[in-house]
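So the structure is just underneath, and the comments pick up after that.
All values derive from a computational prediction rather than experimental measurement.
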Amino acid sequence: MSHENLQRREAAERSALVNTTSYDISLDVRQAADPTVPGYTSRSVITFTAEPGAGTFLDFIGSDVHSVFLNGKGLPVEDVVDGGRIRLDDLRAENQVTVTGTALYSRSGEGMHRFVDPADGQCYLYTQYEPADARRVFANFEQPDLKATYTFHVMAPAGWQVASNGVEANRTLLTSDPATACWDFATTLPMSTYITTVLAGPYFKAEDRWQATLDDGTRLDVPLALYCRASMADSFDTEELFSLTKKGLDFFNRLFDFPYPWGKYDQAFVPEYNLGAMENPGLVTFTESYVFTSRATDAQYQARANTLMHEMAHMWFGDLVTMQWWDDLWLKESFADYMGTLAVDLATDWDTAWVNFANKRKAWAYVQDQLPTTHPIVADIPDLEAAKQNFDGITYAKGASVLKQLVAYVGFDAFIAGSREYFRKHAYGNTSLADLLAVLAAASGRDLSGWARQWLQTSGISSLSLDFSSPISGHDDGWPGRVAIVQEAVDPVTGREELRPHRLRVGSYDFDAKGALVRTGSIETDVAGARTELPQLAGQQRPALLLINDEDLTYAKVRLDPVSEATVRASLDRIADPMARALCWTALWNSARDGESPASRYVDAVAAFGPAETGIGVLLNILDNASIAVERYTPAETRSSVRASFVEAAAAELDRAIPGSDAQLAWARTLATLSRHDAAMLPRLRGLLEGTVNVEGLAVDAELRWQLWHALAANGQASAAELDAELARDTTASGRAGHATALAARPNPEVKAAAWEAAVQGNELSNQLLTATISGFSTAPPALLEPYVEPYFDCLLAVWDERSIEIASRIVRGLYPAAQDLADGTRSEDHPVVRRTDDWLAANPDAPHALRRIIIEQRSHLLRALTAQAAVVPHRPPNLAALGQGTLPAWAHHTSNAP
């Protein structure tokens with residue numbers, strides 16, 4: 001199926017002609033449980049105004065259009081339907097169009113997704129539209145600035161739960177078919193097409209209410225509901241979810257001073273979901289992986305809470321006030337990312353929200369912002385395919401990081417005052433960057449045009465480091481005469497130097513009497529231009545660690561000076577402050593990713609200091625990074641020894657960890673991941689599966705079992721019969737995905753050929769099973785994957801043309817031949833796969849932009865890995881005298897044995 005792209009230009013032309021008023025949508029999903037029925041009847045009645053005599057088009061992607069009536073007149077379907085568009089000509093000032101057609105159920109998570117639960121055979125439906133898949137369910141004007149009210153009617157089996165954005169207004173049994181009911185939902189307030197939604201199936205439902213009296217006396221009474229598949233109900237912690245929901249509603253209603261407008265607040269956890277969650281007003285949908293059927297760490301619970309708060313913030317940022325076009329996607333996603341973290345920090349019992357944001361979300365942005373396809377936060381989005389690709393680390397995490405910087409710049413109170421005015425002024429409307437800047441400038445009294453140009457309209461990441469000049473006479477063991485922050489930043493898109501303003505802190509850390517590294521001083525400064533002097537530090541005693549961007553106020557890559565790096569590499573576990581420790585972990589990781597230090601040094605640091613890491617979110621992240629460092633960034637000739645050493649460390653920490661702790665589970669998962677390529681611990685892993693090996697407190701439950709089976713299968717030590725037997729004991733959807741991964745991971749040419757055929761040529765795999773199969777296929781020795789390099793490049797255009805954009809993106813990204821090693825004495829850019837990628841890009845300059853973007857990004861990831869593999873210069877302790885210090889300061893003599 002072609003992608004039915006919509007150009008920004010076309011959308012602007014249409015919104016200049018048309019203004020939508022209302023939709024009345026009827027969907028008939030009575031036969032959804034019958035797998036032989038591919039679609040369902042969809043009927044749209046749309047009222048809209050238009051420029052008299054003008055012509056425009058509706059969007060609808062289905063199998064058939066049965067009829068089109070415009071202002072009471074039937075139009076010949078064969079004349080007005082062209083692919084995914086329905087032409088409407090000779091419009092009146094006021095119009096009504098009725099379109100009836102057959103829409104298709106989806107297995108890709110786009111439009112109306114149909115899922116059959118392998119645990120009990122029950123059928124479940126839900127919709128997912130962002131950015132433009134409502135047109136797969138009902139005919140509409142598919143663009144965010146044509147808002148309207150919506151009234152939904154759904155015919156479905158009478159025993160099902162059915163929900164939509166509005167509250168249920170009426171439910172009646174059909175007299176002709178008592179097994180079928182018709183649900184009528186209340187008309188919504190104005191909203192965009194992409195946030196409308198329908199949920200239907202035998203879902204488990206829990207109900208509650210949130211009631212509050214706001215500061216102005218407004219009384220709110222909001223019905224709450226939670227949904228999940230019936231087979232997962234025993235694991236559904238509804239009490240905790242309702243508690244978080246109420247805390248969030250309390251927080252945001254007071255913070256925004258605009259009462260929650262959408263009537264009810266339902267949250268549904270649905271299968272095979274492409275996103276973490278989606279902010280449909282009144283009915284938010286989440287991935288059901290947030291229903292923890294296996295043991296989950298506190299970090300996973302906190303991440304779920306963050307997502308819950310993120311989506312709730314969207315009820316205002318994104319739903320109440322929506323961007324005009326996808327160029328300003330950040331207006332909702334950046335704000336929601338920032339507000340979600342803020343809410344977890346201020347409205348829940350977790351106190352590490354900003355630490356986890358710095359360590360994980362921000363790291364995502366740093367990676368994205370160093371790709372050749374990076375873009376400004378306010379992006380250039382010429383069409384829907386480009387919009388689909390821009391749900392990335394820039395739009396979410398960099399945008400949120402920059403908002404945190406803006407809050408430091410204008411002050412929190414001014415920021416919230418401007419946000420409140422933004423809601424009051426633009427409620428149920430659409431906005432662009434200028435609208436937001438206007439209210440924030442008015443609230444803060446600052447001209448934000450320069451700030452916006454430097455932060456929102458440029459690309460790339462700043463690097464901040466310290467520069468030391470010669471020492472002051474008489475202070476040879478202290479600070480040099482001058483210390484300055486040096487900023488380097490080039491916009492990779494334009495090639496121009498972009499030196500941005502930063503409001504940040506520089507922290508000094510020294511060892512206390514107990515041997516802990518504690519903050520002994522902090523200065524706050526505005527960084528501007530290439531060099532910012534720090535006169536406050538001149539002549540001061542040099543600390544063990546000097547940390548730029550202490551407390552993580554700005555968005556920048558921080559380089560540790562050699563003395564500070566020596567301290568961190570020797571005593572990272574002694575840094576008392578969790579945020580400072582997380583920032584140092586990030587600095588070490590960036591050094592490894594950038595090829596400035598061998599990746600093995602990062603792995604050594606994780607092995608040495610990971611066991612003492614008290615933040616489980618940080619621990620999980622550094623363990624994941626260490627696994628990547630081993631498999632991607634370590635040279636092939638030393639990888640086995642580095643991996644073997646880390647495997648031994650993981651096994652030892654699994655035994656040493658507190659029984660039943662999150663850390664114990666984290667080390668167990670890491671051991672399973674590493675063992676996909678190392679056989680040393682396989683007997684122990686099999687013993688854990690069979691119950692002959694016991695680790696006190698470790699729950700070897702379904703999720704961990706499939707990770708262990710993945711490791712065994714990848715080493716040829718799990719048969720298809722054994723994996724089938726495991727699936728028989730775990731008939732869940734996640735079990736089915738684990739089974740698909742393990743089957744495809746077996747190191748056999750016939751297995752790999754079958755997995756490739758299923759993923760690339762077949763159409764039977766759902767989105768979840770496609771990803772699982774690709775994951776297993778990619779777990780293999782390089783020799784097994786080498787035969788698929790040419791077939792990969794040969795299939796790209798056909799895959800992109802024939803599959804939906806979601807499925808095509810998964811195939812193109814997941815099957816890129818990234819598991820490559822740098823041959824001794826060669827250059828990264830001369831690697832055969834890099835060269836083959838360059839040849840494909842040169843031969844296909846007119847390939848769809850979104851496809852080329854994925855290929856370019858995968859090439860960049862590969863090139864970075866190959867470059868990191870070349871960073872094999874052995875580490876030497878810094879020559880402190882050469883740094884302009886003369887003699888060593890007193891603390892430097894005992895860096896590795898701090899008091």
Sorted by first residue and then second, give each ring pair (Phe, Tyr, Trp, His ring centres under 6.0 Å) pair with at least one member in residues 592-618; sequence neighbours left out. Trp589-Tyr602

Flag the pair Val344 / Gln302 as yes when at least one side-chain heavy-atom distance between them is below 4.5 Å, and no otherwise. yes

Nearest heavy-atom pair of Ser571 and Phe511: which atoms, and what distance? OG-CZ, 3.7 Å

d(Asn621 CG, Asn359 CG) to nearest 0.5 Å is 4.5 Å

To check you understand the geometry: which heavy-atom pair defines the closest contact between Ser564 and Leu546, and what is its length? OG-N, 3.0 Å

With no hydrogens and no angle check, is any side-chain donor or acceptor of Thr322 less than 3.5 Å from a backbone partner on Gly318? yes

Closest contact, heavy atoms only, Leu433 versus Leu456: CD1-CD1, 3.5 Å

Quickly, which of Leu331, Ile377, Leu329 forms a side chain to side chain contact (heavy atoms under 4.5 Å, CB included) with Thr395? Name it, please. Leu329

Within the 4.5 Å heavy-atom criterion, are Leu588 and Arg569 side-chain neighbours or not? yes

For salt bridge (charged side-chain N to carboxylate O under 4.0 Å, His left out), just list the numbers for Asp369 and Lys557, CA-CA rounded to whole Å, side-chain angles, deciding distance to a tenth of an Å, and then say yes or no. CA-CA 11 Å; Asp369 216 7; Lys557 186 189 297 187; over 6 Å; no

Interatomic distance, CG@Asn356 vs CG@Asn306, rounded to 0.5 Å, equals 8.5 Å

Which pair of non-hydrogen atoms, one from Val493 and one from Ser459, has the smallest distance, and what is that distance? CG2-OG, 3.6 Å

Walk me through it: do Leu308 and Met312 pass the test side-chain contact (heavy atoms from CB on, under 4.5 Å)? CA-CA 6 Å; Leu308 188 150; Met312 191 177 291; 3.9 Å; yes

Ion pair present between Arg453 and Glu498, side-chain N to carboxylate O less than 4.0 angstrom? yes

Arg254 side-chain N/O to Leu214 backbone N/O, donor-acceptor pair under 3.5 Å: no

Counting distance only, does the side-chain N/O of Asp512 pair as donor-acceptor with the main-chain N or O of Ala516 below 3.5 Å? yes

Who pairs with Ser449 by side chain to side chain contact (heavy atoms under 4.5 Å, CB included), at least two apart in sequence or on another chain? Asp447

What pairs with His426 under ring-ring contact (aromatic ring centres under 6.0 Å, His included), at least two apart in sequence or on another chain? Tyr422

Assess whether side-chain contact (heavy atoms from CB on, under 4.5 Å) is satisfied between Val606 and Trp585, documenting all intermediate values. CA-CA 9 Å; Val606 174; Trp585 277 119; 3.8 Å; yes

State, without any angle test, whether Arg581 and Thr614 hold a side-chain donor-acceptor pair at a distance under 3.5 Å. yes

Return yes when atom CG of Asp349 has more than 12 non-hydrogen atoms of other residues, nucleotides or ligands closer than 6.0 Å, and no otherwise. no

So, applying side chain to side chain contact (heavy atoms under 4.5 Å, CB included) with Glu421, which one of Val439, Ile416, Leu440 is it? Val439

Distance-minimising heavy-atom pair for Ala612 and Asp573: CB-CB, 3.8 Å

Hey, could you give me the CZ/OG distance between Arg424 and Ser419, rounded to the nearest 0.5 Å? 10.0 Å

Residues in ring-ring contact (aromatic ring centres under 6.0 Å, His included) contact with His502, at least two apart in sequence or another chain: Trp455

Side chains of Asp552 and Met579, heavy atoms from C-beta outward: is any pair under 4.5 Å? yes

Taking NZ, NE, NH1 and NH2 as the nitrogens, is one of them in Lys398 or Asp337 under 4.0 Å from a carboxylate oxygen of the other? no

Please confirm whether the ring centroid of Phe317 lies under 6.0 Å from the ring centroid of Phe256. yes

Result of checking Asp561, Leu466, Leu560, Val506 against Leu547 for side chain to side chain contact (heavy atoms under 4.5 Å, CB included): Leu560

Chi angles and distances behind the side-chain contact (heavy atoms from CB on, under 4.5 Å) call for Thr348, Met309: CA-CA 10 Å; Thr348 76; Met309 297 300 184; 4.0 Å; yes

Please name all residues satisfying side chain to side chain contact (heavy atoms under 4.5 Å, CB included) with Ala484, sequence neighbours left out, ordered by chain then number. Arg531, Glu533

Counting C-beta onward and ignoring hydrogens, is there a side-chain heavy-atom pair between Asp467 and Val483 closer than 4.5 Å? no

Is there a side-chain contact between Glu857 and Gln389 (heavy atoms, below 4.5 Å)? no

My understanding is that only residues two or more places apart in sequence, or in another chain, count here; which of them pass ring-ring contact (aromatic ring centres under 6.0 Å, His included) with Tyr366? Tyr555

Report yes if the side chains of Trp354 and Leu342 come closer than 4.5 Å at any heavy-atom pair, otherwise no. yes

With a cut-off of 6.0 Å (strictly less than), are more than 12 heavy atoms of other residues, nucleotides or ligands near NZ of Lys360? no

I need the Leu255 CG to Asp250 CG distance, nearest 0.5 Å. 12.0 Å

Before you tell me yes or no, could you show the steps for Asp435 and Lys425 under salt bridge (charged side-chain N to carboxylate O under 4.0 Å, His left out), namely the whole-Å CA-CA distance, both residues' side-chain angles and the distance that decides it to 0.1 Å? CA-CA 9 Å; Asp435 298 305; Lys425 187 174 182 179; over 6 Å; no

Strictly below 4.0 Å, N to O, side chains only: are Glu596 and Arg559 in salt-bridge contact? yes

Rounded to the nearest 0.5 Å, what separation is found between the CG atom of Asp319 and the NE2 atom of His314? 7.5 Å

Between CD on residue Glu488 and CD1 on residue Ile461, distance to nearest 0.5 Å: 12.5 Å

For Glu333 and His310, run side-chain contact (heavy atoms from CB on, under 4.5 Å): C-alpha distance rounded to whole Å, both residues' side-chain angles, the deciding distance at 0.1 Å, then the answer. CA-CA 9 Å; Glu333 295 303 347; His310 175 117; 3.1 Å; yes

